[in-house]
Enquirer: 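Input: one structure, supplied below.
Chain letters run A, B, ... following the sequence lines, proteins first, then strands; residues in each count from 1.
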2 protein chains.
Amino acid sequence: MSRVSARDKLLKAAGELFYDHGITATGVDAVITRAGVAKMSLYNNFKSKSELIAAYIDARHQEWLDLFARRSDNLSNGWERVLAVFDAYQDHAEFDYQNGFRGCGLLNAAAEMPAGSQEREAVNRHKQEVREIVINQLNELPLTEESGNTAASLAEHICFLLEGSISLAGLSRDVHAISRARAMADKLIERAL
Amino acid sequence: MSRVSARDKLLKAAGELFYDHGITATGVDAVITRAGVAKMSLYNNFKSKSELIAAYIDARHQEWLDLFARRSDNLSNGWERVLAVFDAYQDHAEFDYQNGFRGCGLLNAAAEMPAGSQEREAVNRHKQEVREIVINQLNELPLTEESGNTAASLAEHICFLLEGSISLAGLSRDVHAISRARAMADKLIERAL
DNA sequence: TTAACTATACAGACTAGTCTATATAGTTAA
DNA sequence: TTAACTATATAGACTAGTCTGTATAGTTAA
């Protein structure tokens, strides 16, 4: 009957609870209850809560890559594809969250973890990958590199706008902040050409 | 002998532990042990852990206002005082944290709290106040308001850079990201004059 | 049969918060 | 000076519940 594996149910439930209430504040009992699954199904699929957290971080990373791919697939140039990075985050922000938008799930996860932890490193790698995507798209454009305006530095500026706008959008419950940041990035690229 | 009040010891200990390990992951026993204080001294000074958290958020807010005041006191114009906002965060980032820089303590605190909670609202108010400080400083400058470049929108751009750079600086352990964001803000203001 | 699942009980550490009783330092007033 | 009072601190036992993780026995479906 239930052709959804316990593992997938657990990842879905953990995704919702971790995002809404935070990771540390979410107990494994809450996860299995929401998943509608036995406790041993959790520990048969994951060695520990830590491993479930790692899988959660991986899933969010993959989810964003998929959203970006869908947004950028049919676009013709790097400029549009940089803006699609914002669109992917916007899509993410507009998911039907149980208790409202709370910013980037990965940044929130990192905020709960100690410096140097695997979890923070995993989130760091995700953000580096986003930045590299932006750099690669900008490198396709004929940037006029006057006044030290390299693709790398422009990409960093755009990533600051991205992360800052998502955090503040989550805090102020104003999802439009992300599209305003997108417009700022648009103008920056225009000026750099 | 010990002329430091239990309350101050508790706020200091909570400040360190909450920042380093997160709020939910820090138990009240850990706080009183680090403070070197009896448990009843916590509950004589604070009604609950929630109230200690609220006091922690207040203290971080006040701490930033003090850092900004010290950085901006002897500056002569709004341009420099906007850049002093970055310097205040940089000062904050260079504190001698027990376990390394982990970004903005207030944003991290908000990341652990559910949407709509008092704690998130308090952090939101802090960020709004920072933004208003930036707007007020920009309003002292003769901005050429071509292409919709108002003080408010320029301030939002600068605040995105601020929050984004702090989060990414904490993740990548690269505190210099904040000064690179400062340089970006500097160039933005220059262009807007 | 094999593998993945369920249900439930359990261990042991930890959680926030309360309680009683005691110590000490400073203030007030006879 | 002495005594009473107040405020703040201490130690440490205690409640009632939650935490992660394990153990065990039974069920379901390919």
Side-chain angles (χ1 to χ4, degrees), chain A residues 1-59 99 108-109 111-114 117-120 122, chain B residues 1-59 108-109 111-114 117-119 122:
Chain A
M1 293 299 136
S2 138
R3 54 232 160 291
V4 181
S5 70
R7 186 172 206 278
D8 287 346
K9 288 188 208 161
L10 283 162
L11 280 173
K12 182 166 181 290
E16 293 162 353
L17 293 172
F18 286 172
Y19 184 82
D20 288 345
H21 309 302
I23 291 172
T24 313
T26 300
V28 291
D29 284 342
V31 175
I32 62 164
T33 299
R34 168 167 277 241
V37 138
K39 195 175 224 179
M40 274 314 290
S41 294
L42 195 168
Y43 286 99
N44 284 335
N45 284 284
F46 305 95
K47 280 214 299 233
S48 63
K49 187 187 177 185
S50 281
E51 215 171 72
L52 178 63
I53 295 168
Y56 164 70
I57 291 174
D58 272 5
N99 295 306
N108 288 347
E112 297 195 51
M113 300 297 161
S117 60
Q118 300 178 289
E119 293 87 353
R120 278 184 79 83
Chain B
M1 292 299 137
S2 138
R3 54 232 161 291
V4 180
S5 71
R7 187 171 206 279
D8 287 347
K9 288 188 208 162
L10 283 162
L11 280 173
K12 183 169 182 288
E16 294 162 351
L17 293 173
F18 286 171
Y19 184 83
D20 288 345
H21 308 303
I23 291 172
T24 313
T26 300
V28 291
D29 284 343
V31 175
I32 62 165
T33 299
R34 168 168 277 243
V37 136
K39 195 170 219 178
M40 272 315 290
S41 293
L42 196 169
Y43 287 99
N44 284 335
N45 284 284
F46 304 95
K47 281 212 300 226
S48 63
K49 187 187 178 186
S50 282
E51 215 172 72
L52 178 63
I53 295 168
Y56 164 71
I57 292 174
D58 273 4
N108 288 348
E112 296 194 51
M113 300 296 161
S117 59
Q118 299 179 290
E119 293 87 353

Enquirer: B/Asn108 versus B/Phe18: any side-chain heavy-atom pair under 4.5 Å?
Expert: no
Enquirer: Tell me which donor-acceptor pairs under 3.5 Å the side chains of residues 37-44 of chain A have, and how far apart each pair is, sequence neighbours excluded?
Expert:
from, atom 1, to, atom 2, distance (Å)
A/Lys39, NZ, A/Asp29, OD1, 3.2
A/Asn44, ND2, A/Met40, O, 3.1

Enquirer: Restricting to non-hydrogen atoms, name the atom on B/Ala13 and the atom on B/Arg34 that form the minimum distance, rounded to 0.1 Å.
Expert: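 Looking at all heavy atoms of both residues, the closest pair is CB-CG, 3.6 Å.
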Enquirer: Near DNA chain D, counting only heavy atoms under 4.0 Å, which residues of residues 49-59 of chain A show up?
Expert: A/Lys49
Enquirer: Would you mind reading off the distance between B/Ile32 atom CD1 and C/dG17 atom C1', rounded to a whole angstrom?
Expert: 11 Å
Enquirer: With sequence neighbours excluded, what pairs up with B/Asp8 under the side chain to side chain contact (heavy atoms under 4.5 Å, CB included) test?
Expert: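 Counting only residues at least two positions away or on another chain, B/Asp8 forms a side chain to side chain contact (heavy atoms under 4.5 Å, CB included) with B/Val4, B/Ser5.
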Enquirer: For A/Gln118, give me all partners under side chain to side chain contact (heavy atoms under 4.5 Å, CB included), at least two apart in sequence or on another chain.
Expert: none
Enquirer: Which heavy-atom pair separates B/Leu17 from B/Thr26 by the least distance, and what is that distance?
Expert: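 Heavy-atom minimum between the residues: O-OG1, 3.4 Å.
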Enquirer: Taking side chain to side chain contact (heavy atoms under 4.5 Å, CB included) as the definition, give me every residue that meets it alongside A/Ser117, ordered by chain and number, with sequence neighbours left out.
Expert: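 A/Met113, A/Pro114, A/Glu119, A/Arg120.
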Enquirer: Indicate the atoms forming the closest heavy-atom contact of B/Tyr56 with B/Leu11, along with that distance.
Expert: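 Closest approach of B/Tyr56 to B/Leu11: N-CD2, 4.3 Å.
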Enquirer: Can you tell me how far C1' of C/dC5 sits from CG of A/Asp8, to the nearest Å?
Expert: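 That distance rounds to 14 Å.
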Enquirer: Can you tell me which residue pairs pass the salt bridge (charged side-chain N to carboxylate O under 4.0 Å, His left out) test with a partner in residues 44-55 of chain A, sequence neighbours excluded?
Expert: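 Those involving residues 44-55 of chain A do not exist here.
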Enquirer: DNA chain D: B/Asn45 or A/Ala30, which has the more 5' nearest nucleotide?
Expert: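 Nearest nucleotide further toward 5': that of B/Asn45.
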Enquirer: Rounded off to whole Å, could you give me the CG-to-P distance for the B/Leu42 and D/dA11 pair?
Expert: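 These atoms are roughly 14 Å apart.
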Enquirer: In this structure, how many angstroms lie between the C1' atom of D/dA7 and the OH atom of B/Tyr43, rounded?
Expert: 21 Å
Enquirer: With respect to the side chain of A/Val28, which nucleotide from D/dT20, C/dC5, C/dT18 is positioned closest?
Expert: D/dT20
Enquirer: Nearest 0.5 angstrom please: A/Ile32 CD1 to A/Leu10 CG, how far?
Expert: 8.5 Å
Enquirer: Assign A/Asp29 to base, sugar-phosphate, or nothing according to its heavy-atom contacts below 4.0 angstrom with the strands shown.
Expert: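 Since a base atom lies under 4.0 Å of A/Asp29, the category is base.
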Enquirer: Under 3.5 Å, which protein N or O atoms sit close to an N or O of nucleotides 6-10 of chain C? Give each pair with its distance.
Expert:
from, atom 1, to, atom 2, distance (Å)
C/dT6, OP2, A/Ala38, N, 3.2
C/dT6, OP2, A/Ser41, OG, 2.6

Enquirer: Got a sec, which residues hit side-chain hydrogen bond (donor to acceptor under 3.5 Å, both in side chains) with A/Thr24, two or more places apart in sequence or on another chain?
Expert: A/Glu112
Enquirer: Where each pair must be Watson-Crick or G-U wobble with both distances under 3.5 Å, what dot-bracket representation of DNA chain C is obtained, with crossing pairs in [ ] and other-strand partners as |?
Expert: ||||||||||||||||||||||||||||||
Enquirer: What is the separation between atom CZ on B/Phe46 and atom P on D/dT8, rounded to the nearest whole Å?
Expert: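 The answer, rounded to whole Å, is 13 Å.
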